[in-house]
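First comes the structure, then the notes that go with it.
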Amino acid sequence: MTISSRFSVAIHILSLLEINKDGVSTSEYISGSVNTNPVVIRRIMSMLNKAGLVEVRPGVAGTKLSRKLCDITLLDIYRAVHVVEEDGLFAVHDHPNPDCPVGRNIQSAIEPIFSMAQKALEKTLEAVTLQDIVEDISAKTPVV
């Protein structure tokens, strides 16, 4: 699963945990909302647990958020599901041809731009909390 998919699924999971806080949120329940396999949910839940964003309770007890909504930023979630082997959103290909003028210089030409773009992304994600997302979802959800 790509970082972008893990990231959006992680936001989905955390939002659902809050919206269903009075219910039981098992991996099977969450997977029904995300429309994916419960194994995928458990993997992402493990990453979120390791990052201190959720408290995982095995079995029927389900999972709960471990911090207040306003204390969880999208950057926290992004970092929780970011796999170290990945280079963020932008990676430069390895081993371009050093005998080619483009191959010899492409990395030094684009790496600073990629770095600035990554920093801009992280600054944007840091400004948005899970509370913002849940409030937006709640505003769009009809009261039954």
Side-chain angles (χ1 to χ4, degrees), residues 1-97 102-144:
M1 180 177 280
T2 64
I3 180 71
S4 58
S5 295
R6 282 193 311 270
F7 182 44
S8 64
V9 170
I11 295 169
H12 187 136
I13 290 168
L14 295 171
S15 298
L16 185 59
L17 289 176
E18 175 60 23
I19 290 170
N20 188 47
K21 65 183 167 197
D22 296 327
V24 177
S25 295
T26 62
S27 57
E28 288 75 19
Y29 172 78
I30 296 167
S31 70
S33 178
V34 176
N35 200 20
T36 192
N37 191 298
V39 172
V40 172
I41 300 303
R42 286 191 285 273
R43 262 190 222 125
I44 294 173
M45 205 73 92
S46 175
M47 296 170 131
L48 296 171
N49 183 46
K50 186 176 179 181
L53 301 178
V54 297
E55 295 173 12
V56 178
R57 297 184 183 106
V60 180
T63 304
K64 305 279 185 210
L65 295 176
S66 61
R67 294 197 267 177
K68 294 178 187 176
L69 289 179
C70 61
D71 293 334
I72 300 173
T73 68
L74 294 190
L75 182 58
D76 296 328
I77 301 166
Y78 173 80
R79 287 180 174 156
V81 298
H82 178 78
V83 176
V84 175
E85 293 82 36
E86 296 174 354
D87 296 318
L89 293 179
F90 310 105
V92 178
H93 57 292
D94 292 329
H95 313 296
N97 184 348
V102 174
R104 183 172 47 251
N105 296 297
I106 190 68
Q107 291 177 328
S108 63
I110 63 177
E111 282 178 341
I113 297 163
F114 286 2
S115 177
M116 287 187 307
Q118 183 73 32
K119 288 176 185 169
L121 167 80
E122 291 179 8
K123 184 177 179 181
T124 299
L125 295 178
E126 190 173 38
V128 180
T129 67
L130 188 58
Q131 182 171 345
D132 298 325
I133 301 299
V134 169
E135 286 175 357
D136 187 46
I137 293 167
S138 296
K140 294 174 181 172
T141 306
V143 178
V144 212

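Keep in mind that this is a model prediction, so the values were computed, not measured. Note: hydrogens, waters and symmetry copies are ignored here, and every other heavy atom, side chains too, is used.
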Run the side chain to side chain contact (heavy atoms under 4.5 Å, CB included) test on M45 and T63 for me, step by step, so that the C-alpha distance in whole Å, both residues' side-chain angles and the decisive distance to 0.1 Å come before the verdict.
CA-CA 9 Å; M45 205 73 92; T63 304; 3.9 Å; yes
Out of curiosity, N37 CG to S31 OG, how far, rounded to the nearest 0.5 Å?
7.0 Å
Tell me whether the count of non-hydrogen atoms from other residues, nucleotides or ligands lying under 6.0 Å of NE2 in H93 goes above 12.
yes
Is the backbone of G52 close enough, under 3.5 Å, to the side chain of S66 for a donor and an acceptor to pair up by distance?
yes
Are D132 and T129 close enough that a side-chain donor and a side-chain acceptor fall under 3.5 Å?
yes
Where do L48 and I13 come nearest, in terms of heavy atoms and distance?
CD1-CG2, 4.2 Å
For residues 39-49, the side-chain hydrogen bond (donor to acceptor under 3.5 Å, both in side chains) pairs (sequence neighbours left out) are S27-R42, E28-R42
N/O donor-acceptor pair under 3.5 Å between S33 side chain and I30 backbone:
no
Using modelled atom types only, decide if a donor and an acceptor are shared between the side chain of K64 and the backbone of K21 within a distance under 3.5 Å.
yes
Do side-chain atoms of T124 reach the backbone of A120 as a donor and acceptor pair under 3.5 angstrom?
yes
Which residues pass the side chain to side chain donor-acceptor pair (under 3.5 Å) test with Q131, sequence neighbours left out?
E135
Can you measure from CD1 (I41) to NE2 (H12) and round to the nearest 0.5 angstrom?
7.5 Å
Taking only residues two or more places apart in sequence or in another chain, which ones pass side chain to side chain donor-acceptor pair (under 3.5 Å) with T73?
D76
